[in-house]
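Since we're looking at a predicted model, the values are computed, not measured. Protein chains get the first letters and strands the later ones, always in sequence-line order, with residue 1 at the start of each.
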There are 2 protein chains.
Amino acid sequence: MGGTRNTVIGRPRGFDTEEALECAMRVFWEQGYEGASLTDLTGAMGITKTSMYAAFGNKEQLFHKALRRYTDGPAGYFDDALDQPTARAVAEALLRGSVRTSTLPEGFAGCLTIQGALPASDENRPAHDALVRFRAEAVARLEQRFRRAADEGDLPGGTDPERLARYVMTLGFGIPVHAATGLGRAELDEIVDQAMACWPGSA
Amino acid sequence: MGGTRNTVIGRPRGFDTEEALECAMRVFWEQGYEGASLTDLTGAMGITKTSMYAAFGNKEQLFHKALRRYTDGPAGYFDDALDQPTARAVAEALLRGSVRTSTLPEGFAGCLTIQGALPASDENRPAHDALVRFRAEAVARLEQRFRRAADEGDLPGGTDPERLARYVMTLGFGIPVHAATGLGRAELDEIVDQAMACWPGSA
DNA sequence: CAACTTCTGTACCGACAGGTACGCTAGTGG
DNA sequence: CCACTAGCGTACCTGTCGGTACAGAAGTTG
């Protein structure tokens, strides 16, 4: 708590931390937590293991920081979606965002929070648990948003907001898997069309 | 091609191949292809590495055999679902089956064909590709089934059968992820209720 | 019982995993 | 220019990975 240091002491870092983290995020995204070796990571980041450990702690902490960067960046559509004025708009923004992020042109498909560490072996338990927590929290926040919508009369009477939220999240989870299976943005957007066509209260 | 050998020559195998494969399948299911080490696998199978290699070839071939056992067993609901008389019944059977298999009481949640190897690092590419192929084929078969349904007048005019199949598969992919995130059978079945409530032509 | 065939257990292989020790280098402050 | 600080590069650590060599054990056939 002694205030921020404004003069740099010692040899300055030879790389951009944020850039390096971005590269690490992509490797985790493509290869998963277990599949991303330190050699893969530091190779993509353009730094040595020593520098990585000095700057980020260890592989697990690097993953957590990459995950935060992911949720603030590519997965930022989720927070934006919750701010939409109506429940229907929230759902559509969420699903369109999921489609977009799952099919970025850079070559890797799917969603880090799903394919990062879906199965749980002993050594990747922390990463796995972090992703489970993140996904569960996302579901909870959408439930809360839809509960608010129900209170505001934004959903037809008799609609269970929690159930609806879980249904929408099911699509939000399925879309990245579809993307990882080879489906393109156009087909995925059609899926969203299909889902939105039978939104409660419409038609 | 010299006919089946009916007399056993040499020392008989000291374990049941099918039982061992069942155990291996569960380890792959829980921990994924990369997360399942030979030590984990052979430990669960109750045999030594040597026996495993003699009986199954190597880790990759063991995975392929475990995958086939999975698709014939726990994922057998898929084939059964396609035999349902109507498109609606096909979809519902498929989703209910996905829920059931994703929430078996034995403790591991989710679906092997999804969490087995969703991300692709270099060394698990074969396993990853096998699962991609399997999922893509599942989508294609459902598309074909719905195309037939459309021809039979089993779907309302104007319904795109391929699109509908991809939509249903999205839910079928999302349900296991939900299960791996902690949702139970009851909540997942509610999601299926929600999805079936707005099936094209109903209500 | 001996010959033959196959499975099993141990002990081991090279490669690579995550992680670290340590001397060197590039800067700042006196 | 010298002390000090912190990042960098190399070389290395232990453990584990998938996979195998080889000798002994357990059966069948003569």
Practice prompt. May I have the distance from A:Glu34 (atom CD) to D:dG18 (atom P), rounded to whole angstrom?
Written response: 11 Å
Practice prompt. Provide, to the nearest angstrom, the distance between the OH atom belonging to A:Tyr33 and the C1' atom belonging to C:dA17.
Written response: 12 Å
Item to complete: Would you mind classifying the nucleic acid contact of B:Thr50 as base, sugar-phosphate or nothing, using non-hydrogen atoms under 4.0 angstrom?
Response: base
Worksheet item: Taking the inter-plane angle between the rings of B:Phe28 and B:Tyr33 on a 0 to 90° scale, is it parallel (under 30°), tilted (30 to 60°) or perpendicular (over 60°)?
Response: parallel
Worksheet item: Does A:Glu60 or B:Gly10 map to a spot on DNA chain C nearer the 5' end, using the closest nucleotide for each?
Response: B:Gly10
Worksheet item: Once you round it to whole Å, what is the distance between C1' of C:dT20 and CZ of A:Phe56?
Response: 18 Å
Worksheet item: Phosphate oxygens OP1/OP2 of D:dT16: is one of them under 4.0 Å from a side-chain N or O of B:Thr39?
Response: no
Discussion item. Check for me whether B:Arg163 meets the cation-pi criterion with B:Tyr167, that is, NZ or CZ under 6.0 Å from the six-membered ring centre and within 45 degrees of the ring axis.
Written reply: no
Fill in: Gap between atoms CZ and P, on B:Phe15 and C:dT6 respectively (whole Å)
15 Å
Item to complete: Indicate yes or no: does A:Arg166 engage A:Glu162 in a salt bridge with an N to O separation below 4.0 Å.
Response: no
Fill in: Atom-to-atom span, CG of A:Asp40 to P of C:dG19 - whole angstrom
14 Å
Discussion item. Main chain of B:Ala109, side chain of B:Gln115: is a donor-acceptor contact present, judged purely on distance under 3.5 Å?
Written reply: yes
Worksheet entry | Closest to the A:Arg13 side chain, choosing from D:dC8, D:dG18, C:dG19 | D:dC8
Discussion item. Under 4.0 Å, heavy atoms only, any strand: does A:Ser37 hit a base, just the sugar-phosphate, or nothing?
Written reply: sugar-phosphate
Worksheet item: Out of D:dA26, C:dG19, C:dT8, which nucleotide sits closest to the side chain of A:Tyr53?
Response: C:dG19
Fill in: Between C1' of D:dG15 and CG of B:Leu38, the distance in whole Å
16 Å
Worksheet item: What's the closest nucleotide to the B:Lys59 side chain, out of C:dT8, D:dG19, C:dG18?
Response: D:dG19
Discussion item. Tell me if the side-chain of B:Arg11 makes a donor-acceptor pair with the base of C:dT5, cut-off 3.5 Å, by modelled atom types.
Written reply: no
Worksheet item: What is the distance from CD1 of A:Ile47 to C1' of C:dG18, rounded to the nearest Å?
Response: 15 Å
Worksheet item: Quick one: is D:dC8 close enough that its OP1 or OP2 comes under 4.0 Å of any side-chain N or O from A:Thr48?
Response: no
Discussion item. Just the rounded figure in Å: distance from P of D:dC17 to CE of B:Met52.
Written reply: 13 Å
Worksheet entry | Residues A:Asp189, A:Arg100: salt bridge by 4.0 Å N-O rule | no
